[in-house]
Amino acid sequence: NLPDEGVILQLFQVVHGTEYDPESPEDQQKLQLIRTTLENDPAIAEGIASGEISMTEFAIQLYRDQGAPPEEAPVIT
């Protein structure tokens with residue numbers, strides 16, 4: 001049971017730091033990744049819907065799953 005489209009678009013903004021551009025194939029792909037993540041993990045989708053999981057926590061989880069650091073994160077060498 002996915003959160004509504006408005007919530008998914010808010011998640012996109014929190015995760016990527018930009019508004020969703022429906023004209024951008026890259027943004028479409030990123031949005032699909034968010035949807036797929038929510039579909040594959042109903043507990044996360046429910047947590048976001050209920051407010052138990054913040055959008056920031058979701059973003060961190062998504063980055064962990066992708067194995068990529070957030071763009072704003074400083075690179076530690």
Side-chain angles (χ1 to χ4, degrees):
N1 200 2
L2 289 181
D4 68 34
E5 192 64 17
V7 172
I8 291 175
L9 291 174
Q10 277 182 293
L11 283 170
F12 181 92
Q13 199 166 2
V14 170
V15 171
H16 298 292
T18 58
E19 296 264 333
Y20 172 67
D21 176 5
E23 302 296 310
S24 163
E26 190 180 331
D27 278 9
Q28 290 172 18
Q29 198 173 358
K30 289 175 179 176
L31 192 66
Q32 189 54 47
L33 177 65
I34 291 171
R35 280 201 184 102
T36 302
T37 302
L38 293 170
E39 286 167 4
N40 291 342
D41 197 334
I44 288 181
E46 268 180 46
I48 288 169
S50 71
E52 282 180 48
I53 297 175
S54 74
M55 292 192 178
T56 305
E57 285 176 89
F58 173 80
I60 292 167
Q61 187 62 49
L62 196 65
Y63 284 121
R64 280 191 190 135
D65 293 347
Q66 288 181 322
E71 288 171 29
E72 302 85 51
V75 177
I76 299 164
T77 53

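Taking the side-chain hydrogen bond (donor to acceptor under 3.5 Å, both in side chains) definition, one finds that E5 meets it with R35, sequence neighbours left out.
To the nearest 0.5 Å, the span separating CG on L33 from OG1 on T37 amounts to 4.5 Å. D41 CG to L62 CG: the interatomic distance, rounded to the nearest 0.5 Å, is 11.0 Å. For the atom pair I48 CD1 and Q61 CD, the distance stands at 10.0 Å (nearest 0.5 Å).
Other residues, nucleotides and ligands place no more than 12 heavy atoms under 6.0 Å from the CD atom of E26.
For P3 against L38, the heavy-atom pair with the smallest separation is CD-CD1, 3.9 Å. Residues L9 and Y20 come closest through the heavy atom pair CD2-CD2, 3.7 Å. Residues M55 and L11 share a closest heavy-atom pair of CG-CD2, 3.6 Å.
Although no hydrogens or angles enter the test, the distance criterion places a donor-acceptor pair under 3.5 Å between the side chain of Y63 and the main chain of V15. Listed for the Q28 side chain is no donor-acceptor partner under 3.5 Å among the backbone atoms of E23.
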